[in-house]
Amino acid sequence: MRLSVTEAGRRMGEAGTGCGWVGSDLFVCCDDKAVHKLNAEGEEPGVVSQLEAYPTDMHWFPSGNKKQQSDTVAISCSDGTYLLVLRNGRIEKKIDAHKGAVISIRWNHEGTAIATSGEDGIVKIWSRSGMLRSTLAQTDASVYCLSWSPDSNSICFSSSKELIIKPLQPQAKQVTWKAHDQTVLKVDWNSVNGYLVSGGEDRKYKVWDNFGRLLFASKPMEFAITSVSWSPNGELFAVGLYNCIRLCDKTGWSHSRERIDSGSIMSIAWTSDGAQLAGVGANGTVIFGQVLDRKVEWVNIEVTLTGTHTVKVHDILSEMGEDLDFRDRVIGLAVGFGYLVVTTTLQCYIYLLQNLNTPHIFDLKETVNYIQLGEKHMVMVDVNGLQVLNYEGRPVSAPKFQGMRPEVFNAQTVSMSSDIIAIIDHSDAKLIHFFDLATGKETGKPLQHVLDVTCVQMNRWGTSAQRKCVFQDRNRDLYIIPVGSTAAGTKDVVPFKLGTMCDSVMWSSETDMLAGIMDSKLVVWYYPNAVFIDRDLIPKTKNVQSDPEYGKDPQIQQFHGTQVVIRRSDGTQLSACVSPYPITLYGIVQRNMWEHAIHFCRYVKDSTLWACLAVMALADKELSTAEVAFAAIDEVAKLEFVLGIKDIPTVEGRNAELALWRRRPEEAEAILIQAGLVYRAISLNMRLFRWERALELAVNHKTHVDTVLAMRERYLKGMGREEKDSRFLQYKEGVVIDWEKIKAKMAKEAETEAARPNARPYQE
């Protein structure tokens, strides 16, 4: 990826101090006390407004809507005032704000408040109409920069070498840390990924999370960092310094560095689609930058944005390439599952990779911010919301929930399977909403986690009953939860912690395997469904690869087949290989070829593969295969349990024992009660030492009360304890315990169950 930089037709008369986009028009304020207007080609129609004082900064009223473009700009001035200026140049209001110059000014994301900072070291909050709401902070040094938090409830500002995050609520605690070795000049807080980027006189730029933890620190540049700015989607940011501009990835490493004769770049502004930026220099030069050479990959297909209107599709295997030309500027690219989707400023093109000549084309109402592809559907996000479409461009559904902010959606907060889509609630990051892809309706109550969720991933393999979701919270703990046949919000579904210190996680595109980087190790769960079947086998069904080259904060870019592509924090791409045997086993099991699966595992002679086969067999109730697999990995206790299940004469009894194996006693009991196997349900509760429930069932069905009391008495005697439960004492008074009768009743129950019409031995 690189930045193609061009200069405007002519320089401004004086040094530029601020710039901002409105649609395709760029507005620049300079030390000639004027606001200039330029088009996207750099041609200057003229001066929009003449000011009385020197402008120091400018920020347009936030609006990503094409139909309702911003019409008001806030301009800070050197005489201690700030101005609200209309798009036509008329000064609507002038407000006295600070003693000394107002250095920085910013609208919040909703456009309901303005924050200003100045040479007097004070940060103030103003209403949209210019009324003072509060004096947020007062420091001993001039405040050179500030930025709003993604939820507009906090402000990050500089004070000498420090950065301070100050909440708007008076009682809330602020976060302060030393950010640079010299004065901090610029800071920007992205609303999508929640990261901050700062630059200072120490010639470094740094990336932070919202707790002030350092994620990346650059080496010292040639000159002080005079401007930083995030792209709207949070994937890139730009850094400006003397005669130089850098394009950087969100993790900090540089994509490109461009030299220009601009002096120090004082301000950088991105277009709302994130495809173009503009900057203004201290010598009056206005620069325009186009983000080119963006690449997306899928298996053997590589798609590259070679020009503003040109995309190249390259097949690595056949070494065939094809150039696609578009009428409008290309904004977004996505490739996967046999399709290529290209969005421009006005239209969307959907190509079948096997035939690039006849795309499906439809018009776009708004600029698309994010695209995610699936097997049969794709998700497109713009400022109006999220929409699910098929690959003919027809709308399928539009999931919505209260407080939804589509402008902050990205690959971390939205994940789609073939039938369910998961979305993190930005207004309350502890919530994950699950929607039916076909109808757009929520599948149940949202999942409530104890901490803020930072990443969510849905698996794509298998049927809807096998649907699972993994998510990562702000403590970097990784959890998994089923969201298929069981609703995500019900009480009996509890997330299971897979591990801690997780940097990145991704499902395989072909199978149900899950890859994650945890504590600088690549961990691959060959069959994550083991969590819901037999948790004891989780360590035996995963592979851990330790590699010190992963470094700090590595990210998984792709997991396809046996290859896991990892991006290090310095931008280096690494490739790790996964065993091909689990993929083969998935294919065999999917075709119900259990004998072949056993032969395959015997050929490979790998205990991990045997453990995967054991859990897969239990999931499909293939007890004979599970028996062989458990014997192969020396799990004697589990082997004996399988043999015990096979001896149960009824299908319901076997299903109940398998449900019990999955740690679902309520489900097991319900199966038995529904089938009329009351004694087996009572016995199940006694085996689990759920004596109160066993007694309740016996009393309700008026059977085996004496059996429960006798077993309870034997249990307490073995433990050396006395009965203190009032219910057991009450029934014990009127029941005579006769072990001979109890044993006879138990034998009779076994005979009755074996004689049931639907009773049949387990079929091999």
Side-chain angles (χ1 to χ4, degrees), residues 108-110 147-156 165-169 172-175 188-196 207-213 215 230 232-235 250-251 369-370 372 379 381 383 385-386 399-416 420-435 442-458 468-481 483 487-489 493-506 516 553 555:
N108 69 353
H109 299 291
E110 294 77 25
S147 185
W148 288 87
S149 66
D151 57 7
S152 296
N153 289 329
S154 303
I155 288 179
C156 179
I165 296 178
K166 178 79 172 178
L168 300 189
Q169 294 81 8
K173 185 180 179 182
Q174 71 178 30
V175 180
D188 194 18
W189 200 339
N190 187 256
S191 61
V192 177
N193 58 35
Y195 291 170
L196 296 109
V207 181
W208 315 85
D209 67 8
N210 54 3
F211 301 102
R213 293 180 295 207
L215 302 178
W230 282 102
N233 61 11
E235 294 299 318
K250 65 179 179 182
T251 53
N369 301 328
Y370 174 63
Q372 186 175 125
V379 168
V381 179
V383 293
L386 179 147
K400 291 181 181 179
F401 57 88
Q402 191 172 5
M404 188 169 82
R405 288 184 58 186
E407 68 272 14
V408 301
F409 288 163
N410 60 9
Q412 305 296 313
T413 56
V414 176
S415 183
M416 175 181 61
I420 292 177
I421 184 168
I423 305 173
I424 297 175
D425 191 334
H426 191 267
S427 60
D428 183 1
K430 297 182 179 68
L431 295 178
I432 304 176
H433 298 268
F434 298 95
F435 296 90
E442 204 158 356
T443 57
K445 293 181 180 179
L447 171 65
Q448 175 84 47
H449 192 51
V450 292
L451 294 173
D452 289 354
V453 179
T454 58
C455 175
V456 62
Q457 293 282 329
M458 294 285 299
K468 295 176 287 294
C469 168
V470 293
F471 63 90
Q472 186 180 341
D473 64 22
R474 73 179 189 197
N475 279 356
R476 294 166 63 196
D477 294 335
L478 183 66
Y479 294 85
I480 186 169
I481 187 170
V483 293
V493 178
V494 179
F496 177 80
K497 185 189 285 191
L498 284 174
T500 59
M501 301 298 291
C502 179
D503 292 307
S504 180
V505 65
M506 182 173 288
D553 195 29
Q555 299 293 312

Considering only heavy atoms from C-beta outward, does the side chain of [X] approach that of [Y] to under 4.5 Å?
{"X": "Y370", "Y": "N233", "result": "no"}
{"X": "F409", "Y": "Q372", "result": "no"}
{"X": "H449", "Y": "R474", "result": "no"}
{"X": "T443", "Y": "V483", "result": "no"}
{"X": "L447", "Y": "P495", "result": "yes"}
{"X": "D503", "Y": "R476", "result": "yes"}
{"X": "Q448", "Y": "K430", "result": "yes"}
{"X": "C469", "Y": "V456", "result": "yes"}

Please evaluate residues D425 and H433 with respect to the criterion side-chain contact (heavy atoms from CB on, under 4.5 Å), reporting the C-alpha separation (whole Å), side-chain torsions for both, the decisive distance (0.1 Å), and the verdict. CA-CA 7 Å; D425 191 334; H433 298 268; 3.1 Å; yes

To the nearest 0.5 Å, what is the distance between [atom1] ([X]) and [atom2] ([Y])?
{"X": "S149", "Y": "I155", "atom1": "OG", "atom2": "CD1", "answer": "8.0 Å"}
{"X": "M501", "Y": "L478", "atom1": "CE", "atom2": "CG", "answer": "13.0 Å"}
{"X": "E442", "Y": "F434", "atom1": "CD", "atom2": "CZ", "answer": "9.5 Å"}
{"X": "I480", "Y": "L498", "atom1": "CD1", "atom2": "CG", "answer": "5.0 Å"}
{"X": "Y195", "Y": "L215", "atom1": "OH", "atom2": "CG", "answer": "5.5 Å"}
{"X": "I420", "Y": "M458", "atom1": "CD1", "atom2": "CE", "answer": "5.0 Å"}

Check whether W230 reaches the backbone of D188 with its side chain - one donor and one acceptor, N or O, closer than 3.5 Å.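 Pair found, side chain donor or acceptor close to backbone of D188.
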
Donor-acceptor contact below 3.5 Å, side chain N190 vs main chain N193: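 Between the backbone of N193 and the side chain of N190 there is a qualifying donor-acceptor contact (under 3.5 Å).
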
Measure across [X] and [Y] and return the closest heavy-atom pair with its distance rounded to 0.1 Å.
{"X": "I165", "Y": "S154", "result": "CG2-CB, 4.0 Å"}
{"X": "V408", "Y": "R405", "result": "CG2-O, 3.0 Å"}
{"X": "P406", "Y": "M404", "result": "CD-O, 3.5 Å"}
{"X": "I421", "Y": "V414", "result": "CD1-CG1, 3.9 Å"}
{"X": "S427", "Y": "Q402", "result": "OG-O, 4.5 Å"}
{"X": "N108", "Y": "S152", "result": "CB-OG, 3.6 Å"}

Can you list the steps and then say if Q555 with D553 is a side-chain contact (heavy atoms from CB on, under 4.5 Å)? CA-CA 7 Å; Q555 299 293 312; D553 195 29; 3.0 Å; yes

Would C156 and L196 count as a side-chain contact (heavy atoms from CB on, under 4.5 Å) if you check the C-alpha gap in whole Å, the side-chain angles of each, and the deciding distance to 0.1 Å? CA-CA 9 Å; C156 179; L196 296 109; 3.4 Å; yes

Show your reasoning for whether side-chain contact (heavy atoms from CB on, under 4.5 Å) applies to K400 and F435. CA-CA 9 Å; K400 291 181 181 179; F435 296 90; 6.0 Å; no

Does the plane of the ring in F471 sit parallel, tilted or perpendicular to the ring in Y479? Use 30° and 60° as the thresholds.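 Ring orientation, 0 to 90° scale: parallel.
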
